[in-house]
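These notes are about the structure you will find just below.
The chains referred to below are lettered A, B, ... by the order of the sequence lines, with proteins before strands, and numbering in each begins at 1.
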Amino acid sequence: MLENFSFRTIGEYLPLFGQGLVTTVWLSVVSFAGALLVGIVLCALNLQRSRPLRAPAKAYIDIIRSTPLLVQLYFLYFGLPRLGIILPEFVVGVLALSLNSGAYVAEIVRAGILSIPRGQVEAAIASGMTYRQRMRLVILPQAFKVTIPPLLSQAIVLVKDSALLSLISVAELTRAGQLLASDRFMPAEGFLTVAAFYLLLYYCLKGVAALSGRWLGLRPARGRA
Amino acid sequence: LDDIVKRGELRVAVQTQGPPFSLIDSKGERTGSSVELAKLMAQEMGVKINFLDFDWDGLIPALLSGKADLLVADMTPTLARAMKVAFTNPYMYTGSTVFTKGDGKFKTADDCKAPGTKIAVLLGATGEKEAKKAFPEADIKSYKGGGPLLLDAVNNGQADCGVNDVSAVKGQSTAYPAGTFTIMPDLLSKEPLAFATRYDEPDLLIWMNLFLDQVTIDGRLEQNLNYWVNSEDWKKDH
Amino acid sequence: MIWQQLESLYGSYPLALRGLGMTALLSLIALAGGTLIGFGLGILRTAGNRVLAGIIGAWVDLIRGTPFLVQIFIVFFILPELGLELDAFSAGIVALVNLNACFICEIVVAGIDSVPKGQVEAALASGLARWQRMRLVVLPQAMRVVLPPLVGQYVLLVKDSSVVSAIGLTDLTRVGWLVVQRVPNGLLVFFLVGVGYFIVCYPLILLARRLEARLGAGQGEVQL
Amino acid sequence: MIEFRGVNKWFGPLHVLNDIELSVQPREVVVVCGPSGSGKSTLIRCINGLEQIQKGDLVVDGQRLGDKATDMTLLRTEIGFVFQSFNLYPHKTALENVTLAPIHVRKTPRAQAEEYGRELLVKVGLGDKFDAYPAQLSGGQQQRVAIARCLGMRPKIMLFDEPTSALDPEMISEVLDVMVSVAEEGMTMMVVTHEMGFARSVAQRVVFMDRGAIVESGTPDAFFSNARTERARAFLGKILRH
Amino acid sequence: MIEFRGVNKWFGPLHVLNDIELSVQPREVVVVCGPSGSGKSTLIRCINGLEQIQKGDLVVDGQRLGDKATDMTLLRTEIGFVFQSFNLYPHKTALENVTLAPIHVRKTPRAQAEEYGRELLVKVGLGDKFDAYPAQLSGGQQQRVAIARCLGMRPKIMLFDEPTSALDPEMISEVLDVMVSVAEEGMTMMVVTHEMGFARSVAQRVVFMDRGAIVESGTPDAFFSNARTERARAFLGKILRH
Ligand SMILES: Nc1ncnc2c1ncn2[C@@H]1O[C@H](COP(=O)(O)OP(=O)(O)OP(=O)(O)O)[C@@H](O)[C@H]1O
Ligand SMILES: Nc1ncnc2c1ncn2[C@@H]1O[C@H](COP(=O)(O)OP(=O)(O)OP(=O)(O)O)[C@@H](O)[C@H]1O
Ligand SMILES: [Mg+2]
Ligand SMILES: [Mg+2]
């Protein structure tokens, strides 16, 4: 497959890859915003003291985490119409990715909040702040810093997961490769190009992570033997 | 060919999701029209057969990388594809057909020409090209994951109608209650189906073409197609 | 209608069991292999050799940054051109083990970095050699931080293993696709597939949470 | 100002406060000492409700803790609390640490809060560190910001939980100096500390705790020169020896 | 036993050790003091190679650090190091903390190592805590285990970096007592500490550092009663006042 690897054909398909890349990026951005929203709401529920609020959030997170995205996607795409809700594929895809990633985001944010030293919370309580003021002024700004790196890892996962949307006819990056593979019977060209584009996105996100780490003044590694 | 005989085994790549050409029956055995033909081939060669089943994405790499000797699926030999693999002579002709929901507002294939009609097709399949040609104004949605997904999409209302290989549609729609789908009688196109091998195996290609001639003459091909493709007899047995 | 479908579904249960078995087997081997190699890579990466750390880091990035499907294709279809012929099962295992080793490597590095510097210095000061420091002092303490995300990674691994169906291994997801051809109720079929994964994954998630609670108990949870 | 009447508290099976009777008058400075684990921190944490009591009455500034009518959040604004580990907000500058609660809790206009905040920082000797983040300050400087942060709320009572025990020896005196000046302005203070010099020079009363109970209570002079109980003498022997 | 000859060290642009000349004789006890950041820790950390020097010679037990011929791992087994923050292994019991290095580095048979370990724990007053984990011990107890851990290797030299400054006041004396008894057995010791009582009673020499340089060095009596430099007097004023 490699000996007559055809860069020329890849060139021919480049516009298609370009469109796919744009769709993937756009899709990921919107889905990740959705995931943050879902995650924060879930996490807020999960940190409540009242059980009736906490339990459903916990159950949701567990179910999402223990079933494959494919199954969740299938359910949204073919299940919603049974309830009379027909949404465009792009919307269903974004919804599925947001709902799925949201569960992971919720866990990340929760870990971030719980990592804030107890003394910080006590200092805020002692100065007469209400629960919401403590959250807004003291806990969340500090938790934000801790959650940025794992959130970016989750973003990387989401970008790659978005490939699954080719299943329900969203024309994203992976699909461009599949087209090249099945129209021209050039699988190596198709899939390696796709991989290169994903790798590009990965390094972009990693760059953002490194920058934000420096900007937030995260301390470097320690404790090596 | 020599290698196959030496090995004593014919390695055939088949697609999982394609009744009636290839399917897993209720006993978990692989069978179907193409599969049975391949078995016949192995029998004529006097070797064992080994099926490698792949998703559509894996079929072509399997053949190109030499993991499989030949590729047996409902594949249309387009000229672009033939640049890469060697197709046999067509062993049957089929065509893409349009289907809609049984009680839908689309009565004929021409109704689908209305701008904005949502048409479900399979990614990379010939149906996709035919649909684009026949319904330039329509909104073509290409799915991955096999024919049943198209039926589901149309049944659930995500698409107004679907375009796929006629025998596939006929084969798969019977799993639904009668009347769920209307299948338009007229075909969008007439398409050959063929098996494929690599160009570096010219002797195998010659042999396969000869095999197809033989089974056509002695009726075994017709028998196969009648059982699997042109009727629904197989449903009873599998 | 539903009954009839359930009936024909029931007929597919040996296939489903085989799928579940394949998923479990793949996951188990990849789990063991990935953990072993992942720890090895993690330890090598923190051992202080910049070149080695750079190479491992680049490899981990490469694997984390590309779709797993492509990795499988490369192992199964392209490696043979370089002279390494693998059957589908071995190729799936190799790709899965590699993927997990890379993710676990990251987890282990984070764990090792979380061990206070003073611990290493104490070990250094008492004359423990490098490998002794790692084995006797650093790793046991790193496990606190490593265990919860490690189990979390196992859950992801079980789900990722479905990608190997692309090279023809009949795992649980693929059984879903096969069955749906005969029983055209995708919702039902994939609901059952989901249940299958849930059965495997949920205990792991509970385990991760227990570990987290137990190991975090020392620090005491914040009362907000 | 602060009145413990038969206060009891348990952590699970552990009886950490045992029938505490103690009353602190306005403008009084009380030093609390005692062995580690004797319940000193718990005692003063109860006063602003960081811990809840399980039996007895605790009345602070005329309000009974645990009453429905008592608004804890409001009461806390009247009580400053200085922690052993400073607990400055690491994401805020020194000045922001001081003005955060006045602006958001007291709703003081920002300009006014900042003016007063600067004044306080000058007072604790940090006139040049308004915009420094906690990480850029030494321990002694951080603790002085923490004291200024409490003063920013113009509290009626200040509580200190071992304010100098996380500090390098040379920095202890700079913090003690600030505490002395706060005391001299007439603040009601309860201070958990082992700095006996501070107790001698500023406190009106020293309270000695052991195993959750108040064992002795008296003027610093009486306590240091002739403690009545054996336990207190043993304790003093240990901390004054080296 | 330990000899600094013109030792210099930089952290990036920061000159933390500036032409250090110092020689410690066998069985001598030297106390190092000075303001925070003056380089005390760095000084003693260089001795067992936790930090590397960049200029000058440092000879320990006859071996020149940095020489190819010097086996650091071996040399370290001759040098005990006690940290301010104890750094006990939290996943090992007190006894295991003491026996870990003897068993794995010295290859002492386990039974023998354990016997000696128990003996040492008894000696530091922890005869009843063999199987306790660090988290179950008070600070003072942990530091005593840490000292026993060093003694377990039968070192020729012991280095202490502020061994009591993370401790509650009552626990300081129990640790100092153990250190005194170690000194009395004739161990060569370098101790960074601000416990002037310890310096007075045990040290043969006090070294005062400031900004990376040794500013004064003399007998405790001479140093405390009339320090020669202004800087040393100011420092002593601060730490002795409260
Ligand atoms: N949140 C808690 N849960 C359970 N036990 C606790 C808790 N906080 C404190 N204790 C226990 O209550 C007792 C009293 O603790 P407290 O912190 O009040 O002592 P202290 O006198 O302040 O000691 P120190 O001088 O060490 O600060 C101790 O035995 C401690 O272990
Ligand atoms: N790893 C390091 N990297 C950079 N600078 C360092 C490092 N360790 C110490 N320093 C700096 O070197 C100087 C001396 O530090 P050192 O810890 O030796 O002082 P010290 O006298 O022990 O102070 P303290 O009493 O606070 O322990 C300080 O200014 C410190 O900030
Ligand atoms: Mg306390
Ligand atoms: Mg130091």
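For a residue to count as touching a neighbouring chain, one of its non-hydrogen atoms must lie under 4.5 Å from one of that chain's; by this rule D:Leu74 does not touch chain A. Heavy atoms of D:Leu50 lying under 4.5 Å from chain A belong exclusively to its side chain. At a 4.5 Å heavy-atom cutoff, the contact between D:Phe83 and chain A is made by side-chain atoms alone. Residue contact with chain A, scored on non-hydrogen atoms closer than 4.5 Å, involves the backbone and the side chain of D:Thr73 alike. Residue contact with chain A, scored on non-hydrogen atoms closer than 4.5 Å, involves the side chain of D:Arg45 exclusively. In this structure, the portions of A:Gln120 lying under 4.5 Å from any heavy atom of chain D include both its backbone and its side chain.
Looking at D:Asn87, its side chain does come within 3.5 Å of a backbone N or O of A:Gly119 through a donor-acceptor pair. At least one donor-acceptor pair closer than 3.5 Å links the side chain of D:Arg76 to the backbone N or O of D:Gly49. Of the possible polar contacts, none joining the D:Thr193 side chain to the D:Glu162 backbone as a donor-acceptor pair under 3.5 Å is found. Here the side chain of D:Thr70 pairs no donor or acceptor atom with the backbone of D:Gln63 at under 3.5 angstrom.
Other residues, nucleotides and ligands contribute more than 12 heavy atoms inside 6.0 Å of the CD atom of D:Gln54. Enclosure of atom CH2 in D:Trp10 by more than 12 non-hydrogen atoms of other residues, nucleotides or ligands within 6.0 angstrom is indicated. Within 6.0 Å of CZ on D:Arg64 lie more than 12 heavy atoms contributed by other residues, nucleotides or ligands.
The most heavy-atom pairs under 4.5 Å with chain A, out of D:Thr77, D:Ile79, D:Val105, D:Asn48, come from D:Val105. Note on D:Leu75, D:Leu88, D:Val82: by heavy-atom pairs under 4.5 Å with chain A, the leading option is D:Leu88. Of all the listed residues (D:Met153, D:His91, D:Gln84), the one sharing the greatest number of non-hydrogen pairs under 4.5 Å with chain A is D:His91.
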